[in-house]
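A short worksheet on the structure shown next.
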Amino acid sequence: MKRPLAYSGLGLAAIAGTFLLMNTLPGCRPSTNTATAVTGDAASKVYVKPGEHDEFYNFVSGGFSGQMAVYGLPSGRLLREIPVFSVDPESGYGYSEETKGMLTTTHGFIPWDDSHHAELSQTDGVPDGKWCFINGNNTPRIALIDLGTFRTHSIIEIPNSAGNHSSPFTTGNSEYVVAGTRFSIPMGSDAERDVPIKTYKENFKGTVSFIHPEPETGKMSIAFQIATPGVNFDLSHAGKGPSEGWFFFSCYNTEQAYSLMEVNSSQRDKDFIMAVNWKLAEQLAKDGKGKRVPGKHHSNWWNHHTHSTETTVYEDVLQLDPKDHPGLVYFMPCPKSPHGCDVDPTGKYIVGSGKLAALIPVFSFEKIQAAIAANDVEGDYAGIPVLKYESVLHGEVKKPGLGPLHTEFDANGNAYTSFFVSSEIVKWNVEKLEVVDRVPTYYSIGHLTVPGGDSKKPWGKYVIAYNKITKDRYLPTGPELSQSAQLYSIDGDKMELLLDFPTTGEPHYAQAIPAELVKPREVKFFKIEENKHPYVAKGEKETKVERKGKEVHVWMTTIRSHFAPDNIEGVKLGDEVYFHVTNLEQDWDVPHGFAVKGAQNAELLIMPGETQTLKWVPTKVGVVPFYCTDFCSALHQEMQGYIRVSPANSNVPLTGYTVSVDAEM
């Protein structure tokens, strides 16, 4: 039965009143007097001299931009925005013929997504600087970014899923990257999916997927999925040390509500942390257990040799049902509407962060195993055993703050938790469950990160707050302000605010790693002799222009400071022109741009040794200029050419040429 509107309004009023009270309690709103928060020597601690490099890379999700940003720490300098799930006219990503395939899905070409969480690849539970994963929340996908090129290298679509939020967290050796459904949905045949929304409890299901990235190539495939009850998965993390082989997921909406969620999915005092024995799941998959279920999806991979996308389309996935495999999945009660689900560096403790809770529960892996062995359960939820809360609890952090969201760790036994409502970071001791420090954030912190803070080896030194509200922190820029990040020192007993820096998009989770682990992987240019693009021209003698019906293909080269050919004639209205441009440079940081007047897509930005293709459809008769968009030399302005477009019935022969003064003489 639908809840009457008046009753819903009372529920809304109650929740709004609770949050208003939280925000007006003494100590629950940060002081706006930044003079009391920043010490006199803060500037010297974040200053990076001209010509010197930052100590850390900070990989930050772009939220609704669909991209990933890279900052240097401690300076907060923006180093790069990496195109991932959204087209990028600056680089031509998603516009060039080669990169369009990276954004194809079973829904067609999707030029945008909502990227929430960055996760570095790991070796033995420690970030290794090889890859960085990021999730697409809207059209469920996971991307793998190569930290040698700082480019998107692989994207896989997640079938049987809606809202890929609990993602893309990795196991200790990046054997698997997980993806949990944010929105449960009906699955199966058309008839099974076309059901009334009010039949949520009967027909809506969730999944968690375990994706395997090939260590040598970075290609991704779904190893197996685990079917789950119809709840919402929020965040997750892998076990480590004693808890290696397990994965932990926070989940909410155990009420299985489907309307007015802010009220109806907040009724229970406790939701769950879901514990998955992924080693058992792996073995079941290897033994041929489970069943293949429909799940068509794309796996797109960037081939560095052909400088092109390769797409594999899969029709199904292997799915395991916990009801058929005892010991695979357990639920642990967790107050209330948990967001964060974090494992400390020892692997002994799992921290849940309930958005509506006034405490932080810390679970003991040793006690979890003892409860499983003793069958110490309080019942089941949709056929999955629910372990007793008291039996698996290490303890609770009492009155830590309001609105806990996310926790990271240092190497000294301390945890750092973000509190959205009370707008602060709280430092507490994991073993003793005691608060030892707190600092305000400006304002309403969401996620935070400590370098290596979700791994076995935190590097510590800083905690970075990614805040949701900016207000008065920067110069005004109209109705929308830049997002605000803040850098705090955690070297001493007390946290110290050092720096505000603006961020792009809307950052959610981020990770940081010492630059020295990434820099040795750097790719400075692509070797021209290894270029296997089908339209590569490895020198100006290999340039040419060919007609294939209505298609005109131009094998073109670019080098400081000219194109070859730079004069093209014989193109007709109705033709499709493909400029296959190869950058002949073999030097670091010398890309070339390519743009054509009236192009209805974007420019190209071609790296040294690379070939990229711009499709252009002329709409008018005449002579049209093209030029280099990326300043490359003192004669950059002269780096241009012309293409002549004739009527459709023209007999002008198709030619491409470059003429020097010496040749004319």
Using the test ring pair (Phe, Tyr, Trp, His ring centres under 6.0 Å), find all partners of F85 that sit at least two apart in sequence or belong to another chain.
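In terms of ring pair (Phe, Tyr, Trp, His ring centres under 6.0 Å), with neighbours along the sequence ignored, F85 is linked to no residue.
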Distance-only donor-acceptor check, side chains [X] and [Y], under 3.5 Å:
| X | Y | value |
| --- | --- | --- |
| Y657 | E569 | yes |
| S174 | Q122 | no |
| T106 | E157 | yes |
| D234 | H339 | yes |
| N164 | S161 | no |
| S308 | N303 | no |
| N160 | Q225 | yes |
| N531 | T582 | no |

If you look at every heavy atom in [X] and [Y], which pair is closest and at what distance?
| X | Y | value |
| --- | --- | --- |
| Q586 | E529 | OE1-OE1, 4.3 Å |
| P127 | I513 | CB-CD1, 3.9 Å |
| A238 | T170 | CB-O, 3.5 Å |
| T152 | A143 | CG2-CB, 4.3 Å |
| M220 | I142 | CE-O, 3.3 Å |
| K572 | P618 | O-CG, 4.1 Å |

Could you please spell out the steps behind the side-chain contact (heavy atoms from CB on, under 4.5 Å) verdict for F626 and K597?
CA-CA 6 Å; F626 54 83; K597 178 185 176 183; over 6 Å; no
Is the side chain of H117 donor-acceptor paired with the backbone N or O of S167 at a distance under 3.5 Å, no angle test?
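Yes, because the side chain of H117 sits within donor-acceptor range (under 3.5 Å) of the backbone of S167.
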Are any side-chain N or O atoms of S154 and backbone N or O atoms of G218, one a donor and one an acceptor, separated by less than 3.5 Å?
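Yes, the answer is positive, given that a donor and an acceptor are paired below the 3.5 Å cut-off.
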Which pairs, with at least one residue in residues 605-628 and sequence neighbours excluded, count as a salt bridge (Lys or Arg N to Asp or Glu O under 4.0 Å)?
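Output for this query lists R151-E610, E576-K615.
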Check step by step if side-chain contact (heavy atoms from CB on, under 4.5 Å) holds for I445 and L405.
CA-CA 9 Å; I445 182 176; L405 290 184; over 6 Å; no
Whether [X] and [Y] hold their rings parallel, tilted or perpendicular, with breakpoints at 30° and 60°:
| X | Y | value |
| --- | --- | --- |
| F594 | F579 | tilted |
| Y71 | F501 | tilted |
| H307 | F526 | perpendicular |
| F59 | F150 | tilted |
| H297 | Y314 | parallel |

To the nearest 0.5 Å, what is the distance between [atom1] on [X] and [atom2] on [Y]?
| X | Y | atom1 | atom2 | value |
| --- | --- | --- | --- | --- |
| T123 | K130 | OG1 | NZ | 7.5 Å |
| S96 | L614 | OG | CG | 8.5 Å |
| N173 | E175 | CG | CD | 4.5 Å |
| F249 | H237 | CZ | NE2 | 11.0 Å |
| H304 | T217 | NE2 | OG1 | 10.5 Å |
| N300 | E310 | CG | CD | 10.5 Å |

I need the single residue from R473, Q483, Q486 that forms a side-chain hydrogen bond (donor to acceptor under 3.5 Å, both in side chains) with N467. Which is it?
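So, applying the side-chain hydrogen bond (donor to acceptor under 3.5 Å, both in side chains) to N467 and each of R473, Q483, Q486, only Q486 qualifies.
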Verify the ring-centre separation between Y466 and H447: is it less than 6.0 angstrom?
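That pair fails the under 6.0 Å test.
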Taking the ring centre of each residue, are F247 and Y176 less than 6.0 Å apart?
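For F247 and Y176, the ring centres are not under 6.0 Å apart.
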Pick one: which of T613, V577, V581 meets side chain to side chain contact (heavy atoms under 4.5 Å, CB included) with V554?
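Between V554 and the candidates, side chain to side chain contact (heavy atoms under 4.5 Å, CB included) is satisfied uniquely by V577.
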Applying side chain to side chain donor-acceptor pair (under 3.5 Å), which residue pairs with at least one partner in residues 547-559 are found, sequence neighbours left out?
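The answer is Y535-K548, R547-D575, E551-H553, H553-H580.
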Go through it in stages, so that I can follow the logic: the residues are S561 and S633, the test is side chain to side chain donor-acceptor pair (under 3.5 Å), and I'd like the CA-CA distance, side-chain angles, deciding distance and then a yes or no.
CA-CA 7 Å; S561 299; S633 73; 2.3 Å; yes
Could you please spell out the steps behind the side chain to side chain donor-acceptor pair (under 3.5 Å) verdict for D54 and S75?
CA-CA 7 Å; D54 282 285; S75 73; 2.9 Å; yes
Going through the distances and angles, do I568 and F563 end up as a side-chain contact (heavy atoms from CB on, under 4.5 Å)?
CA-CA 11 Å; I568 301 166; F563 296 101; over 6 Å; no
Determine, step by step, whether K532 and T306 satisfy the side-chain contact (heavy atoms from CB on, under 4.5 Å) criterion, reporting the C-alpha distance in whole Å, the side-chain angles of both residues, the deciding distance to 0.1 Å, and the verdict.
CA-CA 5 Å; K532 297 180 181 179; T306 63; 4.2 Å; yes
